[in-house]
Amino acid sequence: SKYSVHTPLFMEPERRYPLVYFSHGGNGTPFQAETAGFSKLIAKEQFIAVYPFNGGYSNEDAATEFPRILNALREKGYPIDFSRVYAAGFSSGSDATESIGTLWPELVAAVAPCPGSNAMYNSLCRVTPEAYDKCRPLQVPMLCVGGTKDDGDKFPFPDPECIDNFNIWAQDISKVAGYEKLTFEESRALAESCDD
């Protein structure tokens, strides 16, 4: 599958750079990423970014493409600090990011699925108890961003399936201590009772 790599224009010899693995939105391609402002950010913050196709327009193969592409970058000799690999993505790329974080927690320093609510629809992160057990000791940091203008992936969660998946995420994957399952009705009441 295709991917594109963007680096700072001037890199220091012998230095290792963090990598951002940024998955595109639905019907996107890895060649649109340069229009998202990453080039200026790469120059300022000094990191390498890879924009994968992940097997298709909906990132269907993200779980297998992620380790394959990391290995390809290693073999090609990119000066990457593999202890600082960050996965992020928008919309369908959010699904890809969540599956990467769940299946390959030992390969990422942190993940940022945006919008974070996307996982609660498609639940690519919902895999097997063995995958959850692998995640438990690693505790991968995750930043989720959501809002009211994210098309189909809005906050508050619009249907009970999202809450069911959220409960699985909190209880079975993240193992939140003392977590009590949330009902759809409770989630709506919480959303309507505060501005956050």
Side-chain angles (χ1 to χ4, degrees), residues 1-26 28-56 58-119 124-125 127 131-132 134-147 150 169 173-174:
S1 187
K2 304 171 190 170
Y3 60 90
S4 63
V5 180
H6 291 230
T7 67
L9 290 177
F10 304 101
M11 294 192 290
E12 298 172 28
E14 307 306 316
R15 180 176 172 186
R16 295 283 176 238
Y17 293 84
L19 176 73
V20 174
Y21 188 94
F22 191 81
S23 298
H24 62 77
T29 75
F31 308 110
Q32 292 172 306
E34 58 199 272
T35 66
F38 265 80
S39 297
K40 289 181 181 177
L41 193 60
I42 287 167
K44 180 180 180 216
E45 299 297 332
Q46 295 291 291
F47 64 91
I48 295 171
V50 61
Y51 309 113
F53 196 45
N54 282 329
S58 294
N59 294 288
E60 296 90 352
D61 299 328
T64 54
E65 282 298 282
F66 176 69
R68 184 190 74 77
I69 291 171
L70 286 189
N71 286 334
L73 296 174
R74 184 174 277 132
E75 288 173 8
K76 291 177 189 251
Y78 281 95
I80 294 168
D81 177 353
F82 284 95
S83 71
R84 294 190 294 161
V85 173
Y86 305 95
F90 179 72
S91 194
S92 174
S94 170
D95 300 337
T97 300
E98 286 141 1
S99 65
I100 288 166
T102 305
L103 294 171
W104 301 106
E106 71 276 20
L107 299 180
V108 291
V111 295
C114 303
S117 58
N118 224 41
L124 292 181
C125 58
V127 284
Y132 307 155
K134 183 173 151 184
C135 291
R136 191 176 305 128
L138 297 168
Q139 296 295 300
V140 174
M142 178 171 74
L143 170 68
C144 290
V145 177
D150 289 328
W169 182 272
I173 301 174
S174 297

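What you see is a predicted model; the values in this text were computed from it and never measured. Keep in mind that the numbers below use all heavy atoms, side chains included, and drop hydrogens, waters and symmetry copies. The residues of the chain are indexed from 1 along the displayed sequence.
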### Message
Which label fits F22 and F38: parallel for a plane angle under 30°, tilted from 30 to 60°, or perpendicular past 60°?
### Response
tilted
### Query
What heavy-atom pair brings N54 and A96 nearest, and what distance separates the two atoms?
ND2-CB, 4.0 Å
### Task
Write down the atom of A110, the atom of V140, and the distance for their closest heavy-atom approach.
CA-CG1, 3.9 Å
### Query
Hey, does L103 have a side-chain heavy atom less than 4.5 Å from the side chain of P67?
no
### Summary
dist S23:OG -> D95:CG (nearest 0.5 Å) comes out at 10.0 Å
## Note on the structure
dist L70:CG -> R68:CZ (nearest 0.5 Å) comes out at 10.5 Å
### Message
So, using side chain to side chain donor-acceptor pair (under 3.5 Å) as the criterion, who are the partners of T97 when residues are at least two apart?
### Response
none
### Message
Using side-chain heavy atoms (C-beta onward) and a distance below 4.5 Å, is V50 in contact with L19?
### Response
yes
### Query
Do H24 side-chain atoms and F53 backbone N/O form a donor-acceptor pair below 3.5 Å?
yes
### Message
Is the shortest side-chain heavy-atom distance between P113 and M142 below 4.5 Å?
### Response
yes
### Task
Give a yes or no on whether the backbone of G56 and the side-chain of D61 come within a donor-acceptor separation of less than 3.5 Å.
no
### Summary
By ring-ring contact (aromatic ring centres under 6.0 Å, His included), Y17 pairs with (sequence neighbours left out) none
### Q46 side, atom CD; T7 side, atom OG1 - distance, nearest 0.5 Å
9.5 Å
### Flag side-chain contact, heavy atom, 4.5 Å: F66 against V108
yes
### Summary
Between Y3 and P52 the two heavy atoms that sit nearest each other are CB-CA, 3.7 Å
## Note on the structure
Paired with Y21, the side-chain contact (heavy atoms from CB on, under 4.5 Å) test is passed by just one of L73, I100, V111, namely I100
### Message
For F47, run the side-chain contact (heavy atoms from CB on, under 4.5 Å) check against V20, D81, I80 and tell me which one passes.
### Response
V20
#### Entry: Any donor-acceptor N/O pair, T102 side chain to S99 backbone, under 3.5 Å
no
### Any residue meeting side chain to side chain donor-acceptor pair (under 3.5 Å) with R74, in chain and number order, not counting sequence neighbours
none
#### Entry: NZ on K2 to CD on E65, rounded to 0.5 Å
12.0 Å
### Query
Which value, rounded to the nearest 0.5 Å, describes the distance between I42 atom CD1 and L9 atom CG?
9.5 Å
